[in-house]
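What follows is one structure encoded as structure tokens, with my remarks underneath.
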Amino acid sequence: MMCAKIGLKEHKRLFLRIIYRLATDYRCGYGVIFASRFLQPMSPSIPDSFRHQGLRQQLVKELNAKGISDARVLAALGRVPRHVFLDTAFTELAYTDQAMPIGAGQTISQPYTVAFQTALLGVEERMKVLEIGTGSGYQACVLEELGARVYSIERQRALYHATRERLLHMGRKIKVYFGDGTLGLPSFAPFDRIIVTAGAPVVPQTLILQLKIGGSMVIPVGDEESQNMMRITRTSESDVVQETFEQFRFVPLLGQEGWRDSR
Ligand code: SAH
């Protein structure tokens, strides 16, 4: 009897997971809200076991060995349970240094990339930080762990709904918006920091204008195959300093000041 009950629950979860996946892939916001109402509460309650904590500390060591030396950034990554942001099918891989699918053809960035961008950003307590490309919400949580007041924009409606729900259930204060992030958030500008987590063809000028003087933006810029990580610091009303770092490969930044949206 007990087994039958558990079996039924598992079937329900599987059914909801399929609806959730289809709704995410076909960008059906209402479908995602419906399914996530039942599925998402499980995310925060997925236990952060000693095993997961151990794997996470291993990952932090690996990132350190790969050249990430900022202790605050490493500690922040050590506190955010990455497995909670992934479909349970990927739980076992959550603490490997790999990008992973999050639905709607998008990915959660590789932990090394998250650490690299976050370290370049130089986030201090209470800074107002804008993220373009909320995705799973993982990067946004890392920024919040560093004490930032985080605003994040996502252009995929289904992901926006699912991630907003997840972050709410996790008790996060991150403010998530739906829309074209290349246009920023004029009503909340200026920002101390802006981080773009999708590959841009050029640096969106609108985003530069939403930086405080002295503020900086970290953004991957290049073609669709590979991008150079860039840090743009606004030194006066009209001047910026540009620095170029390693190459990465991101999903494209689509929008008015990004790649044209033909998909
Ligand atoms: N930071 C995310 C990973 C981002 S993947 C995480 O931690 O999981 C890149 C995300 O950028 C995708 O979800 C994609 O839909 C989004 N994106 C692409 N162009 C965008 C735009 N113009 N505005 C907002 N989001 C955008």
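Both counts, for ligands and for their atoms, begin at 1 and track the order of listing.
- For ligand 1, the atoms closer than 4.0 angstrom to any heavy atom of Thr182 are 22 (N).
- Annotation: atom 19 (N) of ligand 1 to nearest protein heavy atom, Leu254 N, 3.0 Å.
- Taking 4.0 Å as the cut-off between side-chain N and carboxylate O, Arg149 and Glu124 do not count as a salt-bridged pair.
- Arg193 contributes a side-chain N or O that, together with a main-chain N or O of Leu121, makes up a donor-acceptor pair within less than 3.5 Å.
- The one candidate from Leu120, Val203, Ile195 that meets the side-chain contact (heavy atoms from CB on, under 4.5 Å) condition with Met217 is Val203.
- In this structure, a donor-acceptor pair under 3.5 Å is present between the side chains of Tyr112 and Glu246.
- Using a 4.0 Å cut-off to heavy atoms of Gln156, the atoms of ligand 1 that qualify are 15 (O).
- With a 4.5 Å cut-off on side-chain heavy atoms, Leu159 and Arg155 do not count as touching.
- Each of the following atoms of ligand 1 lies closer than 4.0 Å to a heavy atom of Ile153: 24 (C), 25 (N).
- Closest protein heavy atom to atom 7 (O) of ligand 1: Gln139 N, 3.0 Å.
- Looking at ligand 1, you won't find any N or O of Val251 less than 3.5 Å from one of its N or O atoms.
- Of the protein's non-hydrogen atoms, the one nearest atom 4 (C) of ligand 1 is Thr197 OG1, 3.4 Å.
- At under 3.5 Å, a nitrogen or oxygen of Asp180, whether backbone or side chain, sits near a nitrogen or oxygen of ligand 1.
- Against a heavy-atom cut-off of under 4.0 Å, Leu159 is close to the following atoms of ligand 1: 13 (O).
- Distances from ligand 1 to the non-hydrogen atoms of Gly179 include at least one value under 4.0 Å.
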**Request:** Evaluate the side-chain hydrogen bond (donor to acceptor under 3.5 Å, both in side chains) criterion for residues Tyr95 and His52: first the C-alpha distance (whole Å), next the side-chain angles of each, then the deciding distance (0.1 Å), finally the verdict.
**Result:** CA-CA 8 Å; Tyr95 297 106; His52 284 129; 5.9 Å; no
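- Contact annotation for Thr134 and ligand 1: only backbone heavy atoms (N, CA, C, O) come within less than 4.0 Å of the ligand.
- Nearest protein neighbour of atom 8 (O) of ligand 1, counting heavy atoms only, is Ser136 OG, 2.7 Å.
- Close approach to Ile108 involves these atoms of ligand 1, each under 4.0 Å from a residue heavy atom: 8 (O).
- Summarising the contacts of atom 25 (N) of ligand 1 with Arg155, Gln117, Met100, Glu257, the nearest heavy atom is found in Arg155.
- Inclusion of Gly133 in the set of residues having an N or O under 3.5 Å from an N or O of ligand 1 is warranted.
- With a 4.0 Å heavy-atom cut-off, ligand 1 is reached by the backbone of Pro252 but not by any atom from C-beta on.
- Here the two rings, on Tyr177 and Tyr160, have centers that are 6.0 Å apart or farther.
- Under the 3.5 Å distance criterion, with hydrogens and angles disregarded, a donor-acceptor pair is assigned to the side chains of Ser152 and Glu131.
- Ligand-side atoms of ligand 1 in range of Thr107: 3 (C), 4 (C), 5 (S), range being under 4.0 angstrom from any heavy atom.
- A donor-acceptor pair under 3.5 Å links the side-chain atoms of Glu154 to the main chain of Gly135, judged by distance alone.
- At least one donor-acceptor pair closer than 3.5 Å links the side chain of Ser236 to the backbone N or O of Ser238.
- Looking at Gln106 against ligand 1, only its side chain comes within 4.0 Å, counting heavy atoms.
- Annotation: Gly181 places an N or O atom under 3.5 Å from an N or O atom of ligand 1; distance criterion only.
- With salt bridges taken as basic N to acidic carboxylate O contacts below 4.0 Å, one links Glu237 and Arg234.
- Screening Lys66, Arg56, Lys61 against Asp97 for a salt bridge (Lys or Arg N to Asp or Glu O under 4.0 Å) leaves a single residue, Lys66.
- For the pair Glu154 and ligand 1, the shortest N or O to N or O distance falls below 3.5 Å.
- At least one heavy atom of Glu131 sits under 4.0 Å from some atom of ligand 1.
- Using modelled atom types, one finds no donor on one side chain facing an acceptor on the other under 3.5 Å when comparing Gln117 with Thr197.
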